[in-house]
Amino acid sequence: HVKAGVILSLCTLLLGVIFLSPLLSSSTGLVAAVGLGLLVWLISIGDALMSARKLGEIELRRYNKIALYVVLYVAATLSSPLASATAKSLLGGAFGTRVTPSMSMAPTLVVGDTFFAGPLPLTGGAASRGEILIFGSPHDPNMDLVKRVIGLEGDVLEIRDGRLFVNDEPVPRCHLGAYRVTETNPLTGAPEVLGGELFLEYLGGRTYPVLINERNGNWGPERVAPGQVFFIGDNRFNSRDSRYFGGIPLEYLRSRPLYRFERKSADSGFGFDQFGMSLYNAEHGLGSFREAIERCRSNGFPNESSDDVD
């Protein structure tokens with residue numbers, strides 16, 4: 001019994017290591033880790049049942065007290081947030097699901113979308129242009145925000161007539177069409193119509209959708225300060241981001257969104273049909289624009305010399 005207990009304890013310890021490893025950076029790794037955890041749990045139950053059958057009736061020992069088991073249960077329950085806090089302290093964050101709180105990243109992420117995120121050191125390291133990151137609000141350290149990285153230190157950023165420029169170069173984009181959807185305002189609970197012109201944008205080797213509802217919007221130019229990252233929401237003119245509160249110091253960066261966990265649909269509510277799908281696949285959640293996306297790609301997007309690239 002001691003041998004079996006040691007083996008199961010080592011398996012449990014291994015699970016703890018796995019849940020703090022880059023393995024969870026993919027949905028396949030997450031499923032494998034959860035499956036392994038369930039397997040260890042089932043083996044533990046099976047081993048306990050077989051041991052009980054072999055022993056038959058046993059005499060309780062001095063330590064077989066209800067109070068002791070209650071203490072162990074409470075300790076096990078409290079260990080989970082303690083482990084999470086330790087991971088956050090050492091790695092800047094822990095693997096886990098996050099819920100989108102606002103429409104600032106629409107249409108990539110809408111209110112209620114759940115995605116899986118992990119600490120930066122285990123999921124690719126330093127920030128890069130075009131990716132989505134979670135960072136602490138400069139006004140409230142206890143509040144996390146999720147936006148897209150537009151600029152790194154030294155970059156000069158500007159928006160001219162609704163178009164993003166990085167270091168005086170226009171970011172390639174392709175027009176998809178008019179976008180309109182009704183969502184629930186997270187603050188008031190009332191329905192809110194979200195609309196504008198939808199574009200594909202290409203930055204840092206990533207293609208993603210952006211919503212432009214002010215074609216003549218202008219901002220900048222502004223240079224990103226040393227040791228900072230500049231963020232802007234995909235809902236370009238309905239996002240409170242670095243244009244308002246400035247660049248974000250590197251120590252404020254928390255974690256990296258990895259893939260979808262649960263997608264909220266304005267038509268059918270919540271669903272897991274997009275579980276494990278990348279947040280950088282433009283087709284996800286934009287089924288009605290699939291033909292327009294294919295048209296952009298067939299015309300050479302993100303090649304700016306293409307006639308379809310605005």
Side-chain angles (χ1 to χ4, degrees), residues 98-115 129-140 143-151 157-166 170-203 206-222 224 229-248 257 260 263-267 279-280 282 284-289 292-293 310:
R98 307 295 292 267
V99 179
T100 309
S102 72
M103 294 300 290
S104 67
M105 280 298 292
T108 304
L109 293 168
V110 299
V111 175
D113 276 2
T114 305
F115 56 89
R129 298 183 193 90
E131 72 168 331
I132 304 171
L133 291 181
I134 297 171
F135 58 94
S137 168
H139 302 304
D140 183 358
M143 177 186 294
D144 286 350
L145 303 176
V146 55
K147 311 284 182 183
R148 192 176 298 277
V149 177
I150 296 300
L157 309 174
E158 186 177 4
I159 294 179
R160 305 175 193 168
D161 296 328
R163 183 164 190 175
L164 177 64
F165 283 71
V166 178
V171 173
R173 71 179 189 180
C174 182
H175 185 235
L176 297 180
Y179 180 88
R180 184 181 177 88
V181 66
T182 302
E183 296 289 349
T184 301
N185 187 303
L187 299 177
T188 65
E192 184 177 296
V193 177
L194 181 69
E197 295 298 315
L198 193 64
F199 290 82
L200 280 187
E201 199 167 80
Y202 180 83
L203 180 64
R206 298 176 175 90
T207 301
Y208 51 88
V210 294
L211 187 60
I212 308 294
N213 47 30
E214 290 185 24
R215 292 298 297 273
N216 296 320
N218 293 285
W219 167 86
E222 183 171 329
V224 184
V229 177
F230 205 92
F231 292 90
I232 294 182
D234 288 351
N235 191 354
R236 193 58 53 84
F237 291 97
N238 191 16
S239 170
R240 195 162 188 83
D241 45 44
S242 289
R243 291 170 292 179
Y244 298 90
F245 47 68
I248 298 299
R260 296 189 188 280
R263 173 73 174 178
K264 180 183 179 298
S265 168
D267 300 322
L279 295 176
Y280 300 99
H284 295 165
L286 295 176
S288 58
F289 292 93
I293 292 173
D310 177 17

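Residue indices begin at 1 and follow the sequence shown.
Using a 4.5 Å cut-off on side-chain heavy atoms (C-beta onward), Ile232 and Ser239 make no contact. The shortest side-chain heavy-atom distance between Asp161 and Asn218 falls under the 4.5 Å cut-off. The side-chain heavy atoms of Glu131 and Leu279, taken from C-beta on, include no pair separated by under 4.5 Å. Contact check for Arg243 versus Ile159: side-chain heavy atoms found under the 4.5 Å cut-off. The shortest side-chain heavy-atom distance between Ile132 and Met105 falls under the 4.5 Å cut-off. Side chains of Val171 and Arg173 form no contact here, defined as non-hydrogen atoms less than 4.5 Å apart. No side-chain heavy atom of Val210 sits less than 4.5 Å from a side-chain heavy atom of Arg148.
Between Phe199 and His175, the ring planes lie tilted relative to each other; the angle falls in the 30° to 60° range.
Using a distance-only test at 3.5 Å, with no hydrogens or angles considered, no donor-acceptor pair links the side chain of Arg240 to the main chain of Ser104.
Not a single ring-ring contact (aromatic ring centres under 6.0 Å, His included) links Phe115 to another residue, sequence neighbours left out. Applying the side-chain hydrogen bond (donor to acceptor under 3.5 Å, both in side chains) criterion to Thr100, with sequence neighbours excluded, gives no partner residue.
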query = Can Leu203 and Tyr208 be said to form a side chain to side chain contact (heavy atoms under 4.5 Å, CB included), step by step?
reply = CA-CA 8 Å; Leu203 180 64; Tyr208 51 88; 3.4 Å; yes
message = One pair to check against side chain to side chain contact (heavy atoms under 4.5 Å, CB included): Ile212 and Arg163. What are the steps and the verdict?
response = CA-CA 9 Å; Ile212 308 294; Arg163 183 164 190 175; over 6 Å; no
query = Can you check side chain to side chain contact (heavy atoms under 4.5 Å, CB included) on Thr114 and Arg98, steps first, answer last?
reply = CA-CA 6 Å; Thr114 305; Arg98 307 295 292 267; over 6 Å; no
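Contact between Val229 and Ser242 at its shortest, heavy atoms only, is O-OG, 4.2 Å. Between Leu198 and Pro107 the shortest heavy-atom distance is CD1-CG, 3.6 Å.
Rounded to the nearest 0.5 angstrom, Cys174 SG and Leu200 CG are separated by 6.0 Å. Atom OH of Tyr202 sits about 6.0 Å away from atom OG1 of Thr207, to the nearest 0.5 Å. Summarising the geometry, atom CG belonging to Leu145 is positioned 9.5 Å from atom CG belonging to Asp241; distances are rounded to the nearest 0.5 Å. Leu133 contributes atom CG, which lies 12.0 Å from atom CG of Asp144 (distance to the nearest 0.5 angstrom).
In summary, Arg236 and Glu201 engage in a salt bridge, as defined by a charged side-chain N under 4.0 Å from a carboxylate O.
Between Phe230 and the options Ile248, Val166, Leu157, a side chain to side chain contact (heavy atoms under 4.5 Å, CB included) holds for only Leu157.
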